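Everything numeric here is computed off the predicted structure, so don't read it as measured data. Keep in mind that the numbers below use all heavy atoms, side chains included, and drop hydrogens, waters and symmetry copies. Below, chain A is the first sequence line, B the second, and so on; all start at residue 1.
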Amino acid sequence: MALINLTGIQPIDYTALADEAKPGEGETIAVPVAQLIEENADLFATAGSVGAIIGTETPFDALGDIVGKIDFAVIEFPAFGDGRGFSLAVRLRKDFGFKGEIRAVGPVIPDQALFLLRAGFDTVEASGERKAAFEAALERFPAFYQSDFGGQVSVAHTRHSAEGQRKAS
Amino acid sequence: MYAYDTFDHALVNARVAEFRDQVDRRMTGELTEEEFRPLRLMNGLYLQLHAYMLRVAIPYGTLSSVQMRKLAHVARRYDKGYGHFTTRQNIQYNWPKLSETPDILQELADVEMHAIQTSGNCIRNVTTDQFAGATADEVADPRPYAELIRQWSSFHPEFSFLPRKFKIAITGAQEDRAAVKWHDIGLVVKENKEGEIGFEVLAGGGMGRTPVIAKTMRDFLPVKDLLSYLEAMLRVYNEQGRRDNKYKARIKILVEAMGVEEYTRQVEEEWEKIRHIPIDVPDEEVARIKSFFAPPPLAVLSDEVAEVDDLAAKNFIFKSWLANNTGRHKVPGYVNATISLKPHGGIPGDASDEQMDLVADLADAFSQSEIRVSHEQNLILPHVARKDLPALWAKLDAAGLGTPNAGLLTDIIACPGLDYCSLANTRSIPIAQTITERFDDLKRLMDIGPLKIKISGCINSCGHHHAGHIGILGVDRKGTENYQLLLGGSGAEDASKAAILGPGFDEHGIVDAVEKVVAVYLGEREDGEEFLAAYRRLGPDVFKEAVYGSH
Amino acid sequence: MAKKVTGPQLILANRLDDGRAVFLTAAGEWSKQVADAAVANSDDELENLMSVAQAAEVANQVVSVTAVAADESGKALAPAHIKFAMQSRGPSVRADLGYQVSPNWEQ
């Protein structure tokens with residue numbers, strides 16, 4: 001496995017907490033979101049840093065209670081076609097103002113690199129042999145029709161900015 | 001027409017380069033078929049029975065003559081000399097090679113065309129009234145808004161992997177020629193009391209195995225709120241639409257399950273959160289796009305043209321063509337003219353490369369170099385002076401494009417069916433051919449009047465059978481082709497679902513059954529009563545009795 | 001095509017490059033002619049043919065490998081179901097296109 005860094009963030013090195021396990025003092029752990037919602041006081045007290053592992057079936061409003069306490073989020077794609085993962089990232093950024101790392105895990109493909117970045121993801125776990133393809137895909141498009149969470153401003157706006165008019169002419 | 005600027009060009013060219021890379025990676029095996037499939041579909045490339053099929057977008061059905069010539073060139077150079085215009089106002093090529101599709105897309109990009117999002121679980125080509133900007137009954141030209149939606153929905157980072165495909169239609173006219181109530185989202189351009197332009201917003205329509213007519217969510221949405229509202233609609237659907245069963249994944253199922261009130265509540269709640277974030281385009285951008293759709297400079301002419309009346313008086317075919325295939329334009333002295341791609345005995349929607357080239361030439365000579373494609377699989381010259389009609393019609397007629405049957409029984413919508421499509425259960429085209437041959441008598445057709453027959457070769461309903469005045473659905477009955485007969489559907493502003501009349505027929509029986517249905521109508525109709533109105537008044541029983549006898 | 005087929009079967013696929021329908025022969029090659037297709041008359045024979053076909057799929061020569069019922073009752077071998085019979089001939093509405101034109105169509 002390789003870690004693809006979409007945004008240049010300093011990626012978090014975490015351990016996924018095994019079932020029923022207790023975190024070590026000061027450990028950086030990732031925990032399924034349901035577990036975080038149910039019983040979290042001890043866990044947050046002990047661990048050094050906690051991330052939520054979020055399945056795509058998670059309704060976004062379930063994140064409201066924990067989002068202020070986590071440092072990073074790991075969104076698990078069961079299939080690359082499960083587009084709910086993109087909306088979850090958008091919700092984290094937009095509805096909750098989440099600033100921490102959002103990582104995509106699961107069978108996402110290089111051709112989704114820009115979609116992931118633009119929906120608010122920072123990093124992707126992918127097989128090592130796909131790293132180059134991911135990085136190439138990130139460079140693919142020079143402009144976008146939507147403003148996004150990767151900081152891009154839509155073409156509809158740049159067209160009417162001074163710089164946009166220079167480019168378009 | 002909209003013209004690309006450097007941004008649009010750069011984006012479409014980047015897409016071609018991306019697809020070329022994807023095709024290369026597929027050919028070398030770096031991408032598996034499972035991974036490649038959704039990528040090729042997002043570029044409109046299917047694998048059908050005999051070959052790949054490439055579906056090229058014709059955004060909101062508008063083409064220039066230059067673009068039409070390019071479509072002819074692609075048919076000639078990369079395909080078998082023809083293309084098929086579809087119910088989504090697109091064109092399909094039936095024989096391209098995978099390795100050549102990047103070249104085709106590059107050629108298309110050169111004339112500001114693409115195949116982006118013509119398939120896949122994403123927002124598809126936005127469709128509209130084929131007479132947009134060229135019809136007397138219009139509140140406003142819907143195409144600037146369709147172009148806004150095209151741009152917003154292209155390569156959308158959040159909505160490119162929806163539960164299922166997503167179709168938006170928009171009309172600006174009183175008479176709905178875009179079947180907006182049969183779409184995932186339907187938009188009807190309206191003007192409010194203050195003279196402001198906006199939209200009635202409908203959601204949750206669709207065909208397939210569960211036909212549903214869209215429901216109104218909002219009576220009036222101002223233009224400035226269009227994209228943020230669509231974004232909220234798509235977000236709620238993307239999050240909550242079913243993903244466990246592809247037959248239940250369309251938005252119609254979600255809206256039915258939640259109720260339109262609850263869906264609307266959730267959408268409006270989300271919309272309130274996002275409407276002030278700069279999703280929506282600045283006013284200057286709306287103005288910029290609108291400027292491309294300014295009415296063409298047509299000098300007002302007289303509607304009275306002696307030469308037209310004289311020819312109509314002595315030539316019944318021309319007279320019929322005038323009555324059926326031309327419609328009132330905004331500007332006096334002009335019409336929109338429908339070029340029928342439904343010659344009797346022919347393949348609905350097919351056009352040869354020579355025919356495409358001819359239509360391009362005629363658009364240059366008679367219609368401001370502009371062409372439209374209708375969801376009824378015909379071509380339109382939108383801005384023709386009445387005085388030019390005899391010359392235009394003569395040229396069309398000589399090329400087999402003058403069939404005077406627009407809106408009549410033989411103007412049949414048919415999907416490609418089992419002749420091409422790997423999803424089909426039965427053939428559709430031969431049924432259309434047999435019906436049009438059976439009714440190959442213009443006087444009889446004119447007497448029957450407006451009657452829409454729509455044929456699908458499977459339950460996916462690409463042939464819109466649910467919305468046919470007469471609908472025909474092909475089903476596989478133990479390995480043989482069987483055809484069900486449906487009556488009473490409508491795709492217009494009075495949308496209704498057609499109902500199955502009774503047991504199905506073989507390919508000959510279905511044509512006989514259609515003839516019997518028409519005979520009942522002719523016997524029972526009141527003065528000036530069209531087929532659909534007569535069916536609604538009479539109900540199915542009298543038709544059932546004629547078709548199936550008394551048992 | 002999840003339906004279980006019993007009786008003689010043949011294997012068809014589409015070529016990766018041009019998508020043309022092709023039939024697996026006894027020699028393990030892909031022919032455009034259904035007449036050349038190998039017919040499996042037992043589960044073992046079918047399994048053998050399928051493993052050859054699937055290897056070709058993995059090797060990126062063909063896609064959409066499907067085993068279909070074969071009809072040997074007529075003069076010539078043909079897929080039994082109309083859909084696959086259509087695939088072996090070409091569109092019924094365009095007699096000028098497809099293998100129905102000639103066995104060497106496009107070659």
Most contacts with chain A, counted as non-hydrogen pairs under 4.5 angstrom, among B/Q22, B/R235, B/E231, B/R15
B/R235

Answer key: most heavy-atom pairs under 4.5 Å with chain A among B/P163, B/S154, B/A10, B/S153 is B/S154

When you compare the side chains of A/H160 and B/E285, does any donor N or O come within less than 3.5 Å of an acceptor on the partner?
yes

Cut-off 3.5 Å, side chains only: do B/E239 and A/S87 have a donor facing an acceptor?
no

Please check if the distance between the ring centroids of B/F155 and A/F141 is under 6.0 Å.
yes

Would a 4.5 Å heavy-atom cut-off, applied to side chains only, mark A/H157 and B/E284 as touching?
no

Is the backbone of A/G81 close enough, under 3.5 Å, to the side chain of B/N121 for a donor and an acceptor to pair up by distance?
no

Does the B/Q151 side chain pair with the main chain of A/Y145, one donor and one acceptor, at a distance under 3.5 Å?
no

Nearest heavy-atom pair of [X] and [Y]: which atoms, and what distance?
X	Y	value
A/D111	B/E18	O-OE2, 4.4 Å
B/N238	A/G83	ND2-O, 3.1 Å
B/F161	A/F115	CE1-CD1, 3.8 Å

With a 4.5 angstrom heavy-atom cut-off, could you sort out which part of [X] is near chain B: side chain, backbone, both or neither?
X	answer
A/Q112	side chain
A/A136	neither
A/D95	side chain
A/F80	both

Rounded to the nearest 0.5 Å, what separates atom CZ in B/F7 from atom CZ in A/R159?
7.0 Å

Begin with the C-alpha distance, continue with both residues' side-chain angles, and end with the deciding distance and a verdict on salt bridge (charged side-chain N to carboxylate O under 4.0 Å, His left out) for B/E158 and A/K94.
CA-CA 13 Å; B/E158 190 181 350; A/K94 176 179 78 68; over 6 Å; no

